[in-house]
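Report on the following structure.
For clarity, every value in this text was computed on a predicted model and none was experimentally measured. Residues: numbered from 1 along the sequence shown.
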Amino acid sequence: MSKTAASLPQADPSRWRALVFIALAQLMVVLDATIVNIALPSAQQDLGISDGNRQWVITAYALAFGGLLLFGGRIADLWGRKNAFIVGLIGFALASALGGAANGEAMMLGARALQGAFGALLAPAALSLLAVMFTDAKERAKAFGIYGAIAGGGGAVGLILGGFLTEYLNWRWTFFVNIPFAIIAAVGAWMVIREPAGTRNRSALDIPGVVLSTLGLVSLVYGFTRAESNGWTDPLTLGLFIGSAVLLGAFVLIESKVKSPLLPLRVLMDRNRGGVYLSLGLAVIAMFGLFLFLTYYLQVVKGFSPVKTGFAFLPMIVGMITGSTQIGARLMTRVPPRLLMGPGFLVAASGMLLLTQLEVDSSYPALILPAQLLLGLGMGSAFMPAMSLATYRVNPADAGVASAMVNTSQQVGGAIGTALLNTIAASATTAYLTAHAAEAAGGGAAAKLVQARAMVEGYSSAIWWAVGILAVSSLIALTLINTGRPDTGATATGEGTDAEAENRIPVIAH
């Protein structure tokens, strides 16, 4: 037996069973990002939440989740991913039970913040478990194909499930539904997950880094969330952006100086990981904007029910699953990742391009369905290698924070997408109403038609921006990501020339 073969780690025999429970937990977290949106009007009415405060049901989750992700990833590295994963699941279930039983605004907002906090522990633990458990390139491709499909399509599944639960049961079930997910995943994880030895990072916790990164990310996410409702020139909004820049700048400075940083800068400086974080964050801007506009278009303009709206997103889910498991997973071991991510984002952009042709009377089968299929295929093909590359050539001890960074890029991208594209849409809608004020002056059916056309004009204008953003994502992936295809014979030993190491994806770099 050669030295290389002898040095290969023994594959965990329970890894595929572990994947089932990791995927289930990831689905729960991604579902929660959209499932509550559809239930929000009913919950607001029942709990007496004011119009001014209703956004906090979404914002409380986003701030806790986005702000604590890096801390959660570091805790996973310190405690062990299995322990962090199970604690995150239990905490998420308890927070969901609290939200479902909420009897007022304060209880609901507290539950959402707790969901976000435990989600910030759970999400990086789940991704980093995959990174350290699947060490064979072909198996890694299959595992990340499944994970990528869930990460990309879970939000659309949340729209379906949220619509069904709200319409046929009660809004509270959009929270309670998390409990069986969490219990099954936690029990299964306890029984089958065997985290490889020697992969923890037991260095002292970087408290200044935790404080600065959390405050900086919270300021950034809240700044974009506030910009959507209060405008980009609002003094507090500008103050949040300035404060975020100062805090995150100080965070980077401290991380370059301390002995045991929260986020080792080597995690960010690798051009392939940096390319993933940047291109994926931009792509999520486009995706979150689309979920928002298409939901409003189908419900408000076309008059779809919540359940019908949810099912209208099925083609995108089918496309994402197909793109991730049948295209991405099959080709990842045969072509360089950039040749999946770059073209994948372009295919998604072509789907967005179709949606720029939206009209009040657009046909779902002729326009929206093929556009969603293209979006799903493209994003699924791109998400899968992106999720795998998030832990590209990273030391296993840093797997948690590397995984947290890809979640952070998605979370910040989602906040930017909702705020930026909604602002663009609102401006275009206002301009259309102003230009066609005379047509709407008489009221009645004519005024309603002008209002509907104005909304669609706003959506189309914002979707054009989404097309451009996806094109930029493609360009970043094609230029920054330069690794070759995974070498199925590559090991973690660091053997081979520097040139060889640079042009393959070592499965785990110790």
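Contact check for Leu358 versus Val301: no side-chain heavy atoms found under the 4.5 Å cut-off. A heavy-atom distance below 4.5 Å is not found between the side chains of Met455 and Tyr297. A 4.5 Å side-chain heavy-atom check between Tyr364 and Gln372 finds at least one atom pair inside the cut-off. Between Met28 and Phe92 there is a side-chain heavy-atom pair separated by less than 4.5 Å. Residues Leu70 and Met405 meet the side-chain proximity criterion, which asks for heavy atoms closer than 4.5 Å. The shortest side-chain heavy-atom distance between Leu212 and Glu255 does not fall under the 4.5 Å cut-off. Looking at Phe175 and Leu165, their side chains never come closer than 4.5 Å, going by heavy atoms from C-beta outward. Side-chain contact between Met341 and Leu389 is present, with heavy atoms from C-beta onward closer than 4.5 Å.
At distances below 3.5 Å, at least one donor-acceptor pair connects side-chain atoms of Ser244 with backbone N or O atoms of Gly216. Side-chain atoms of Thr356 come within 3.5 Å of backbone N or O of Leu353 as a donor-acceptor pair. When atom types are taken as modelled, the side chain of Arg338 and the backbone of Asn272 share no donor-acceptor pair closer than 3.5 angstrom. A donor-acceptor distance shorter than 3.5 angstrom exists from the side chain of Arg271 to the backbone of Leu480, with no hydrogens or angles considered. A distance-only check finds a donor-acceptor pair linking the side chain of Arg273 to the backbone of Arg266 [under 3.5 Å]. Side-chain N or O atoms of Thr429 include one that pairs as donor or acceptor with a backbone N or O of Ala454 at under 3.5 Å. When atom types are taken as modelled, the side chain of Ser219 and the backbone of Leu215 share a donor-acceptor pair closer than 3.5 angstrom. Ser279 places no side-chain N or O within donor-acceptor distance of the main-chain N or O of Ser473, the cut-off being under 3.5 Å. Judged purely by atom type and a 3.5 angstrom limit, Ser362 uses its side chain to pair as donor or acceptor with the backbone of Glu359. Listed for the Ser213 side chain is a donor-acceptor partner under 3.5 Å among the backbone atoms of Val210.
Scanning all heavy atoms of the two residues, the minimum distance from Ala182 to Ala93 falls at CB-CB, 3.6 Å. When all heavy atoms of Leu375 and Ala348 are compared, the closest pair comes out as CD2-O, 3.4 Å. Of all the heavy atoms in Ser381 and Leu377, the pair that sits closest is OG-O, 2.8 Å. When all heavy atoms are compared, the tightest approach of Thr423 to Ala227 is OG1-O, 4.3 Å. Shown here for Leu340 and Pro385, the closest heavy-atom pair between the two residues is CB-CG, 3.9 Å. When all heavy atoms of Ala25 and Leu122 are compared, the pair lying nearest together is CB-CD1, 4.2 Å.
With values rounded to the nearest 0.5 angstrom, Leu121 atom CG is found 9.0 Å from Leu89 atom CG. Atoms OG1 and CZ, from Thr237 and Arg226 in turn, are 5.0 Å apart once rounded to the nearest 0.5 Å.
Other residues, nucleotides and ligands place no more than 12 heavy atoms under 6.0 Å from the CZ atom of Phe311. In this structure, Lys302 places its NZ atom where more than 12 heavy-atom neighbours from other residues, nucleotides or ligands lie under 6.0 Å away.
Aromatic ring orientation, Trp232 versus Phe224: perpendicular (interplanar angle above 60°, classes split at 30° and 60°).
Of the options Trp465, Tyr459, Trp464, a ring-ring contact (aromatic ring centres under 6.0 Å, His included) to Phe293 is made by Tyr459 and by none of the others.
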